*Asks:* 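My questions will all concern the structure given below.
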Amino acid sequence: MAIPMGEERDDDPRTYEARWRARWQADGLDRTDLDGATRPYYNLMMFPYPSAEGLHVGNTYAYTGADIHGRFQRLQGRDVFEPIGFDAFGIHSENYAIQVGRHPMELVRQNVARFRSQLERLGAQFDWSRAVDTTDPGYYRWTQWLFLQLWKGDLAYRATRAVKWCPKDLTVLADEQVLADGTCERCGTVVLERELEQWFLRITRYAERLLKGLDHLDWSASTVLAQRNWIGRSEGAYLDFPVDGEAPLQVFTTRPDTIFGATFMVLAPDHPRTLELTDPACREAVVAYIEEAERRRIAGQHAEEGPTRGVRLGRDTRHPLTGAALPLYAAEYVLSGYGTGAIMAVPGHDERDHAFARAFGLPIVEVVRGAQDVDAAAHVGQGVLVNSAEFTGTIAPDPARERVVAALEARGLARRAVQFKLRDWGISRQRYWGPPIPAVHCPTCGAVPVPESQLPVLLPFVEAFRPLGTGASPLAAVPAFVNTTCPRCGEPARRETDVSDTFLDSSWYFLRYPSADREDVAFAPEATRRWLPVDTYIGGNEHAVLHLMYARFVSMALHDLGWLDFEEPFVRFRAHGMIVREGAKMSKSRGNVVNPDAYMDRFGTDAFRLYLMFMGPFDEGGDFRDQSINGPSRFLALCLRLQRRVAAVPEPPELARARHACIQKVTLDTPQLKYNTAIAALMTYAKVLRDHPGPLPRASLDTLAQLLAPYAPHTAEELWSRLGGPYSVHRQPWPTFDPALLIDEQATVIVAIDGRRRDQLEVPAGTSAAELERLALALPRVVAHLAGRRPVRVVVVPDRQVNLVLPGA
RNA sequence: GCCGGGAUGGCGGAACGGUAGACGCAGCGGUCUUAAACACCGCGGCUCGAAAGAGCGUGCGGGUUCGAGCCCCGCUCCCGGCACCA
């Protein structure tokens, strides 16, 4: 871009944008009076993880869209609180620090500083006075406090469990951090399983409430659905299958109606009773299979060839209703962690059981009659029960499910149950870069909480912060940290050396913002009452089952523990779309990553903001094309040029009309996050002004500046100031529109024959149907097309269309 | 495999069941300029036609309707998420 010369110089956005930002900052324009707010509106966006690469264009996109929302709410008269912070703990920073050979403490300081200057440049109305940094001891002492409250409420516990282990990051991962292909979401390595003693948070206790709560939230549908699926509620029953000479085998099923189709039973290889239920003659083969399955499980391989691997135990259970012998198997497709770890196999009506029955030559019995031949494939859909004794003829699954359970229940063979896929949240990380979990292990007292008065448990500065790979955190190698005394008995004890998951840091940060200045509490009751729950939360859907689930869980737990008077932290959540570049996902390896700074250097912040929002609907994302930014850039220049044509003239009706139409469109589209069409309306309006001959009334431009304010805050301020408006445009009441002015006087009525457009009529609005029909039939082109035929029917849509329907059409 | 979302000009995208392609990008022609940039004017779905005009057009195949990009049924492909969860 050439440096504009002479008079044009003032229109260079880079000059006035920096000037206005400095002024806003000096005036504290974006700071919120948290105590005095009468119409509080908490506008939250997901705080960034300050990577070494700098602000990603995805961040810019999310923050710009969220900021437009916040600015619009403020212009509507709300006292908007729009905080920002840094989610700076975690494996990602730590790995990067290892890679470049520097210490994360030093690196994070530097990254945060860079992020802050990049964020400031976005022109968002962030209230920096309440910024938080999760790595600040003044923050994480409260993360530790949160953990202690959960522990006190019996929501934190220690257990040895097979957990996901990333062999590259040398740490445990939460289930949510393992991708669908079994790889680590951070580094892409295939994740293994490992038995370790871990801290868990009892999120499963909230499964039902987490699910129920979704019904009343104003959230993006896709996010609600993702949470529902993740929680994975299934209704069914525990059924007891008798075993001769042993305790009965309990299974969980969601399809008790198919019980007459059960032809064999399957246990998870690591089910506690697998060996007990093995016939001595088969023991050797079963032991070998269990070991083999265990090896595969640890190696993270299981999904490849379907449910075809397993072994016969050589013993049977009895069918509880028919008394038939059902052979027992152990197979990997049955998971020990779900239900009871054992199933009744119904090959006719379950795909996995079907595959297994085929592989092992087991009988397949049809009990639900449908279109599907069960010998060829399982019929899992609806049908009528057959071969099912007194239940034959009932519609399955419902109401058959209910009748069978009731009958079994009456005989003491069934118990109704609900199962969830959701598992407890493992938060232990055998790493350095996180808040130490505030616990002490005492040989006599066991795990003891660190007293709240001793918080924070400071993360010591250690040079050797690399993971050890032993299953213990690097902190375990720091005697000064490890050796302590038991807070309960005073005897020598060891400090917990694992740090907590970074998602614990972010599970409560929105509670901290309004109280960020308080050193004595995590969140102050008055500020919390005034500002929470969050009015609108905007962020990426990649956190649908991670952060958003954890934050809901923590809020519910804090509610039950008496710390909060609400359960749901985010009243409204909107997932924004993703930006791709020229059709492809941006990635470093593709080399197509957009650097926001470069565009802002060249075109200014406002043009960049406007372009990002103009690319497409905010919730759908968009496709970044380098040249397309020219449009918004030209548009902003035009807005400033138009100001020079302002004179003391009355507003002509056609300009008033255009102005009110624009107010309407922007006012209605903006709160729905339909930013792209709002911007289009602004452009249309600017073109009307441009094409208007002669001087422009000030009202025309005043409105333009005001409507532009949420979208292009600097340019709007510059324009407003040149128009002589009182500082600041961001403190003006939002313009209103007069619907009376928007009523059309003329109407263009399409004349169609059999739905095909043939001509059009220009008529006064409100012309009667009869008159429209008469006019239409008189049009020469219509007469020509009709060629003497008479329409059998005439459909008139007032002010829009006349459709002449010919016979035989 | 299951669950979402989507498919519209060269490109990004607009369209209460009622003029498909708003707005913008890129392109072409022109005005201004010594020249360029900026700005401004004009053109632009496809086919046939000199034109007037006609026909065809919103992934594919059906349907509902006076009228379908939009509603219904059946597919294809793309994007995202979940996945031996009984």
Side-chain angles (χ1 to χ4, degrees), chain A residues 1-2 4-5 8 179-182 221-226 228-230 232 234 236 251-255 258 266 302-308 331-335 337-346 349-353 355-356 419-423 541-542 544-545 577-578 580 582-583 585 610-611 614-617 619-632 634-635 637-638 641 674 676-684 687 690-691 748-757 759-760 781 791-806 809:
Chain A
M1 188 202 236
M5 301 295 283
E8 294 294 314
L179 301 182
D181 60 356
S222 57
T223 315
V224 170
L225 226 99
R228 253 192 204 118
N229 292 339
W230 189 262
S234 314
V251 302
F252 174 75
T253 179
T254 55
R255 292 294 304 272
T258 62
V266 189
H302 54 81
E304 295 83 28
E305 61 249 54
T308 53
E332 286 153 86
Y333 82 92
V334 174
L335 309 174
Y338 185 81
T340 64
I343 61 156
M344 66 172 194
V346 184
H349 307 284
D350 181 282
E351 283 165 13
R352 294 150 303 175
D353 297 345
F356 192 82
Q419 286 289 325
F420 294 94
K421 283 201 262 183
L422 186 71
R423 311 273 184 85
N541 230 356
E542 68 273 16
V545 295
M578 224 180 42
V580 296
E582 277 150 27
K585 201 168 172 173
L610 222 44
Y611 173 55
F614 188 55
M615 278 191 314
D619 55 354
E620 284 174 32
D623 194 344
F624 197 100
R625 309 253 159 182
D626 296 300
Q627 282 182 316
S628 302
I629 193 173
N630 287 330
R634 286 173 194 153
F635 161 69
L638 171 63
R641 274 203 312 277
K674 285 157 79 176
N676 56 329
T677 49
I679 293 166
L682 288 165
M683 288 173 166
T684 304
K687 282 203 298 189
R690 183 192 68 192
D691 296 341
T748 303
V749 175
I750 299 308
V751 179
I753 297 172
D754 287 337
R756 258 174 262 189
R757 179 178 178 240
D759 206 341
Q760 63 187 49
R781 276 189 212 157
V792 289
R793 192 177 160 193
V794 179
V795 181
V796 179
V797 184
D799 293 344
R800 282 201 180 265
Q801 196 178 65
V802 176
N803 193 12
L804 307 169
V805 186
L806 292 177

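Order of the sequence lines sets the chain letters (A, B, ...), proteins ahead of strands, with each chain counted from 1. Only a predicted model underlies this, so the values are computations on that prediction, with no experimental measurement involved.
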*Asks:* Could you tell me the separation between the CE atom of A:Met578 and the CG atom of A:Asp623, rounded to the nearest 0.5 Å?
*Replies:*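 That separation rounds to 10.5 Å.
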*Asks:* With a cut-off of 6.0 Å (strictly less than), are more than 12 heavy atoms of other residues, nucleotides or ligands near CD of A:Glu351?
*Replies:*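 Atom CD in A:Glu351 is not packed in, count stays at 12 or less.
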*Asks:* Taking for each residue the nucleotide of RNA chain B bearing the nearest heavy atom, is the 5' side occupied by A:Tyr611 or by A:Tyr333?
*Replies:*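 The residue closer to the strand's 5' end, by nearest nucleotide, is A:Tyr611.
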*Asks:* Would you write the dot-bracket representation of RNA chain B, where each base gets (, ), [, ], | or . depending on whether it forms a Watson-Crick or G-U pair under 3.5 Å and with which partner?
*Replies:* (((((((..(((.....[....))).(((((.......))))).((((....))))..(((((..]....))))))))))))....
*Asks:* So which one's nearest nucleotide on RNA chain B is more toward 5', A:Val795 or A:Leu638?
*Replies:*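 Taking each residue's closest nucleotide, the earlier one in sequence belongs to A:Leu638.
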*Asks:* Within the 4.0 Å heavy-atom criterion, would you say A:Val334 contacts the bases, only the backbone, or no part of the nucleic acid?
*Replies:*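 Base: the residue A:Val334, judged by heavy atoms under 4.0 Å, touches a nucleobase.
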*Asks:* Does OP1 or OP2 of B:C66 have a side-chain N or O of A:Arg793 closer than 4.0 Å?
*Replies:*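 Checking A:Arg793 against B:C66: at least one side-chain N or O falls below 4.0 Å of OP1 or OP2.
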*Asks:* Let me know the distance between CZ of A:Phe624 and P of B:G13, rounded to the nearest Å.
*Replies:*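 Rounded to whole Å, this separation is 14 Å.
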*Asks:* Within the 4.5 Å heavy-atom criterion, are A:Pro791 and A:Val805 side-chain neighbours or not?
*Replies:* no
*Asks:* For A:Thr258 and A:Met344, what are the C-alpha separation, side-chain angles and deciding distance, and is it a side-chain contact (heavy atoms from CB on, under 4.5 Å)?
*Replies:* CA-CA 10 Å; A:Thr258 62; A:Met344 66 172 194; 3.8 Å; yes
*Asks:* Picking from B:C3, B:A86, B:G18, which would you name as closest to the side chain of A:Arg800?
*Replies:* B:G18
*Asks:* Judged by atom type as modelled, is there a donor-acceptor pair below 3.5 Å linking the side chain of A:Asn803 to the main-chain atoms of A:Gly755?
*Replies:*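 Yes; judged by distance alone, with no hydrogens or angles, the pair exists.
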*Asks:* Base, sugar-phosphate or nothing for A:Ile343? Non-hydrogen atoms, less than 4.0 Å.
*Replies:* base
*Asks:* What pairs of nitrogen or oxygen atoms, one from the protein and one from nucleotides 45-56 of chain B, lie under 3.5 Å apart?
*Replies:*
unit_1 : atom_1 : unit_2   : atom_2 : d
B:G53  : OP1    : A:Arg781 : NH2    : 3.0
B:G55  : OP1    : A:Arg758 : NH2    : 3.3
B:G55  : OP2    : A:Arg758 : NH1    : 3.0
B:C56  : OP2    : A:Arg756 : NH1    : 3.4

*Asks:* Can you tell me if A:Tyr611 uses its side chain to pair, donor with acceptor, with the backbone of A:Asp626 under 3.5 Å?
*Replies:*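 Not confirmed, A:Tyr611 side chain does not pair with A:Asp626 backbone.
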*Asks:* Can you measure A:Asn803 atom CG to B:A68 atom C1' for me and round it to whole angstrom units?
*Replies:* 13 Å
*Asks:* Looking across every strand, which nucleic acid part, if any, lies under 4.0 Å from A:Asp691 by heavy atom: base, sugar-phosphate, or nothing?
*Replies:*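 Counting heavy atoms under 4.0 Å across all strands, the contact made by A:Asp691 is with sugar-phosphate only.
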*Asks:* Summarise protein proximity over nucleotides 21-32 of chain B in one line of letters, 5' to 3': B for base, S for sugar-phosphate only, - for none, counting protein heavy atoms closer than 4.0 Å.
*Replies:* -BBSSS------
*Asks:* For the residue pair A:Tyr333 and A:Phe356, does the interplanar ring angle fall in the parallel (under 30°), tilted (30 to 60°) or perpendicular (over 60°) class?
*Replies:* tilted
*Asks:* Atom CZ in A:Arg255, atom CD1 in A:Ile343: separation rounded to 0.5 Å?
*Replies:*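 One gets 13.5 Å once the value is rounded to the nearest 0.5 Å.
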